[in-house]
Amino acid sequence: MYLRNAWYVAAWSRDIVDRPVARRMLDEPVVVFRTSDGTVVALEDRCPHRHLPLSMGQCVGQAIQCGYHGMVFDAGGQCIEVPSQGFVPPTARVRAYPAVERYGWVWVWMGEADRADPALIPDFHHLTDPGYAAVGKTNHVSAAYTLVTDNLLDLSHVGYVHTTTIGNAAFTEKGRLTHRRTDRGVVVSRFSPDVPPPPTYIKTGVLPIGKNIDRWQHIEFIAPCFVLIHVGGAEAGTGALDGRYDHGLNIWVINAMTPETATTTNYFWASARRHAIGDADADALFFNQVSEAFEEDRRVLEAQQAVLLTRDDSWAVALKADAGAIEARRMLERMIAREAAGEDLATSAVA
Ligand code: FES
Ligand SMILES: [Fe+2]
């Protein structure tokens, strides 16, 4: 069900400060904390003594102290102190997960530690590059991470689910759709020529008033659970359909769906732009519009998950627009099967 040898986003760096944070990831309890020298650490969230979550304890220097009988564990998960006795049992240790900070997120490697290579973290520089302005947050969604990925890969839904923000039916109906495989995923592209801009696009003030636009979407799935979206629009007939985007409205949406359990997800998202950097009103506009759109998605995803608790998740009816999502699902399933068979996917062609 999960790819183990992979990086997953555990938290925003800004949320890991001086207290331990509990996070269930791939159905495993993880505690994330920051040591006094600023290093982020991820450990199994369970004291080996009487099984209290370590996240209920406190950060002490370079270590974490259990909140029950005070055992102290270092960043490698080894117990280094037992306050009630001088002797530290050598078996008193918890699992340590490789953890790194990049692009303002804390990434945790959930598989074999010696395979953790930070070069495998997707390029999400949009989140922290000073040439962009990014806003985002974490949504807890009561739906499988794969349903969220499907949702992002098939944006034909924006014309129906998001009519108050980023969608209108013309966009979906006139869209020309293609998809292609990459080494680690799938890219779905849609061009909608000469369509009215949706409400959110109008509110940015970047596009000429009262004109139709050529609109594009490039949606890149990166296994196991990342989707990088580049969308936008430019005045119709000014080159966007040939791939010239710079003069138009460009938006990147960075999505990391970390499975919490089989049917719940911590969904980290951010919207990035290259215009109006440092403009608090633009920050608020993008944050609020994308938040609103994702609340609309949540209603769909959670209702869909509730039905899927009683039956298999399958495409009984597949539409043309599903091609990318189905390809992504198959790819992920093959990777999970190959990993279960003992292959090292990090060092071989992925799918
Ligand atoms: S349960 Fe953690 S020290 Fe006892
Ligand atoms: Fe959506």
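Remember, it's 1-based here, ligands and their atoms both numbered in the order they're listed. Throughout, numbering of the chain's residues begins at 1 and tracks the sequence.
Because the distance cut-off is set at 2.8 Å, His51 fails to qualify as a neighbour of atom 2 (Fe) of ligand 1, as none of its N, O or S atoms comes that close. Among the atoms of Glu296, no N, O or S atom falls under 2.8 Å of the Fe ion (ligand 2).
The angle subtended at atom 2 (Fe) of ligand 1 by SG of Cys66 and SG of Cys47 is 110°, given to the nearest 10°. Angle NE2 (His162) to the Fe ion (ligand 2) to OD1 (Asp297): 90°, rounded to 10°.
For His49, the N, O or S atom closest to atom 4 (Fe) of ligand 1 goes by the atom name ND1. His69 contributes ND1 as its N, O or S atom closest to atom 4 (Fe) of ligand 1.
The protein non-hydrogen atom at the shortest distance from atom 1 (S) of ligand 1 is Arg50 N, 3.2 Å.
Applying the 4.0 Å criterion to heavy atoms of Met71 picks out, from ligand 1, the atoms 3 (S).
Counting only N and O atoms by type, the side chains of Asp45 and Ser55 include a donor and acceptor under 3.5 Å apart.
Stacking of Arg23 on the aromatic ring of Tyr8 is not recorded, the 6.0 Å distance cut-off and the 45° axial limit not both being met.
Within 6.0 Å of atom CD1 in Ile209, 12 or fewer heavy atoms from other residues, nucleotides or ligands are found, so the atom counts as exposed in its surroundings.
Between Glu333 and Arg330 no salt bridge is recorded (no basic side-chain N to carboxylate O distance below 4.0 Å). Ion pair Arg115/Glu339 not flagged as a salt bridge, since none of the NZ, NE, NH1 or NH2 atoms sits closer than 4.0 Å to an Asp/Glu carboxylate oxygen.
No option in Tyr132, Tyr103, Trp269 other than Tyr132 meets the ring pair (Phe, Tyr, Trp, His ring centres under 6.0 Å) test with His126.
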